[in-house]
Chemist: 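Take this structure first; my questions come after.
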Amino acid sequence: MSKARVRDGVRLTFTTPGRRPHPRGTANWSAPAVQQGCLVVPNVIAPWVIALALVVVSAGQSAADWPRFLGPQFDGIVHDADLIQAADRVDWNGKPSVTWSLPVGEGYGIGVTAADRYYHFDAAPDSTDRRVVGRRSSITERLRCVDLASGQIIWTQQNECRYQDLYGYEAGPRSSPTVHQDSVYTLGVRGRLTCRSLSDGTERWSVETVDQFAVVQNFFGVGSAPLVIDDLVIVMVGGSPDEDQVVPPGQLNRVSPNGTGLVAFNRNTGQVRWQAVDDLASNSSPRPIQIDNKACVLLLARDHLWCVDAKAGTTLWKFHHRSDLLESVNAMTPVVDGSKVFISECYELGSVLLEVDPSESQTAIWQDPRRDRRRMAMRCHWATPVLVNGYLYGCSGRNAPDSDFRCVDLMTGTVKWTGLERRRSSVTAVGDHLLVLEERGTLHIAKADPEALSIKASHDLATEEAFANGDTNPALQYPCWSAPLWVAVPDLAPQILLRGDQTVLCLQFPMK
């Protein structure tokens, strides 16, 4: 597909578009305690002060809402004062009660909350379709709206989605919805971007990005959440020219980008506003950053970290960060602290901390030594770490035998401590509490302390005995790859939402 054809508007329809003539490719998600071993690059001190701010909660939404992936400030941190104070009053050693549970279909993402409702995006196979028997594939993509207090389903909307994973992973969505004002946006595993009414789920418009922008399917499907800035909904796409459509599945080293790594649509109509970034897609999500009073977007794509002017759609700079391994995927979302940007991967490069300045460039403050895992500060896989008081807390490592939970000094890359060795996990911060969910269903409540890993309580939620009210089979099942949500529920104490392979649990811990 040529760029001129890419710019020819979008398909606004409820029907499935015709398929393009390209292969049906598809879409993985530690060592002992280490000493800091980063390659330190001298910091360039500029004679100016740069202000970088996050896009805050949308108009009409409560500060207690969690309306998008990683929360209202894109950092995996609860900022609402009431929710933080409530966490201080919880008896974390008491058994939690199941307020409600929601059976879910295939997929890996947890949902989002807004205005006392929970929105969950998943997929379910049609058991009557003989073509899908015996293999992970899906023909239904589903968005449900759930009452946050009762767990009652308020509405369900779905659309056809045919996807089969090259590596046997589930055929459901990898991403979370994004709620903005009266709309909810989803980006499915095969790249269908949909805008729906928040009140009843009615579809307002949709775009089949894989077809329109000629995307050669990557290793693990589309796994990026939509970003809303002003009147734009911005998504990672990563299309390729026509001649690359015949490349066999899984050979992304032979695939070229066509300048559609990041595409902005009018959030009300779905019309293309701009396209940028000459890169293929990753499983990271775009996030906002304010640089010298200019609204920008950070995108950790397949090969580079990109900074794009959000209004004009022009590329300001790029920084290469990807392993030489063919089957490697960038997945964490960049962490921003003032003028600092932290990115990481788990295969060969590890992490780097960048200083961003108004001259539209970046300088490495420190960078991990290449291919030296034992000396790397952090190797983020599918989970994004949280930054609390200058320290990163998160999972490091590619696979369970090679993983741990650790604390890293952001400014120096010094590893302060490691714990929960040989386990992968994700984390959400609530004040100085860390809610750490292991992929096999154990929830740890730890203190955000750079001196040592201090665990207040642990609950194996893969066993029915973990729950106070003895619900029938409420246990979480592997894989649990989404970070917990600490949410406000009407007329109840705050609850934790946790997603396992087949269930979302809403849990309430006893109060002191």
Chemist: Please tell me whether Tyr167 and Glu327 have a donor and an acceptor in their side chains that are separated by less than 3.5 angstrom.
Modeler: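 Yes, side-chain donor-acceptor contact under 3.5 Å.
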
Chemist: Among residues at least two apart in sequence or on other chains, which ones pass salt bridge (charged side-chain N to carboxylate O under 4.0 Å, His left out) with Arg142?
Modeler: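 Once residues adjacent in sequence are excluded, the partners of Arg142 under the salt bridge (charged side-chain N to carboxylate O under 4.0 Å, His left out) criterion are Asp122.
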
Chemist: Step through the shown structure and confirm whether more than 12 heavy atoms of other residues, nucleotides or ligands are within 6.0 Å of CG on Asp230.
Modeler: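 No, not enclosed.
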
Chemist: About how many Å separate CG of Leu193 and OG of Ser224, when rounded to the nearest 0.5 Å?
Modeler: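 If I round to the nearest 0.5 Å, the distance is 10.5 Å.
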
Chemist: Considering residues at least two apart in sequence or located in another chain, which fulfil the salt bridge (charged side-chain N to carboxylate O under 4.0 Å, His left out) criterion with Arg254?
Modeler: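 None.
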
Chemist: Can you pull out every ring pair (Phe, Tyr, Trp, His ring centres under 6.0 Å) where at least one residue sits in residues 315-334? Sequence neighbours excluded, please.
Modeler: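 Those involving residues 315-334 are His304-His320.
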
Chemist: Checking Ser426 side chain against Ala383 main chain: does a donor-acceptor pair fall under 3.5 Å?
Modeler: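 Between the backbone of Ala383 and the side chain of Ser426 there is no qualifying donor-acceptor contact (under 3.5 Å).
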
Chemist: Between Thr414 and Thr412, does the side-chain hydrogen bond (donor to acceptor under 3.5 Å, both in side chains) criterion hold? Intermediate values first, please.
Modeler: CA-CA 5 Å; Thr414 303; Thr412 66; 2.8 Å; yes

Chemist: Between Ser339 (side chain only) and Val356 (backbone N and O only), is there a donor and an acceptor less than 3.5 Å apart?
Modeler: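 No; zero donor-acceptor contacts below 3.5 Å.
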
Chemist: Run the salt bridge (charged side-chain N to carboxylate O under 4.0 Å, His left out) test on Asp292 and Lys294 for me, step by step, so that the C-alpha distance in whole Å, both residues' side-chain angles and the decisive distance to 0.1 Å come before the verdict.
Modeler: CA-CA 5 Å; Asp292 199 25; Lys294 180 184 294 184; over 6 Å; no

Chemist: How long is the span from the CD1 atom in Ile234 to the CG atom in Leu299, to the nearest 0.5 Å?
Modeler: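 One gets 10.0 Å once the value is rounded to the nearest 0.5 Å.
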
Chemist: Could you walk me through whether Asn283 and Trp382 pass side-chain hydrogen bond (donor to acceptor under 3.5 Å, both in side chains), step by step?
Modeler: CA-CA 8 Å; Asn283 289 130; Trp382 38 260; over 6 Å; no

Chemist: Could you list the donor-acceptor pairs under 3.5 angstrom formed by side chains in residues 435-443, with sequence neighbours left out?
Modeler:
| residue | atom | partner | partner atom | Å |
| --- | --- | --- | --- | --- |
| Glu438 | OE2 | Arg423 | NH1 | 3.0 |
| Glu438 | OE2 | His444 | NE2 | 2.5 |
| Glu439 | OE1 | Arg424 | NE | 3.2 |
| Glu439 | OE1 | Arg424 | NH2 | 2.9 |
| Glu439 | OE1 | Trp481 | NE1 | 2.9 |
| Glu439 | OE2 | Arg424 | NE | 3.1 |

Chemist: Whether Arg190 and Glu208 form a salt bridge (side-chain N of Lys/Arg under 4.0 Å from carboxylate O of Asp/Glu) is what I want to check.
Modeler: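 Yes.
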
Chemist: For the residue pair His433 and Trp92, categorise the inter-ring angle as parallel (less than 30°), tilted (30 to 60°) or perpendicular (more than 60°).
Modeler: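 The rings of His433 and Trp92 sit tilted, inter-plane angle from 30° to 60°.
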
Chemist: Walk me through whether Arg379 and Asp368 qualify under salt bridge (charged side-chain N to carboxylate O under 4.0 Å, His left out).
Modeler: CA-CA 9 Å; Arg379 299 164 52 231; Asp368 278 334; over 6 Å; no

Chemist: List in chain and number order the residues that pass salt bridge (charged side-chain N to carboxylate O under 4.0 Å, His left out) with Asp460, two or more places apart in sequence or in another chain; answer none if no residue qualifies.
Modeler: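 Asp460 satisfies salt bridge (charged side-chain N to carboxylate O under 4.0 Å, His left out) with no residue once adjacent residues are dropped.
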
Chemist: Could you list all the salt bridge (Lys or Arg N to Asp or Glu O under 4.0 Å) pairs where at least one residue sits in residues 312-322, not counting sequence neighbours?
Modeler: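 Residue pairs passing salt bridge (Lys or Arg N to Asp or Glu O under 4.0 Å), neighbours aside: Asp303-Arg322.
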
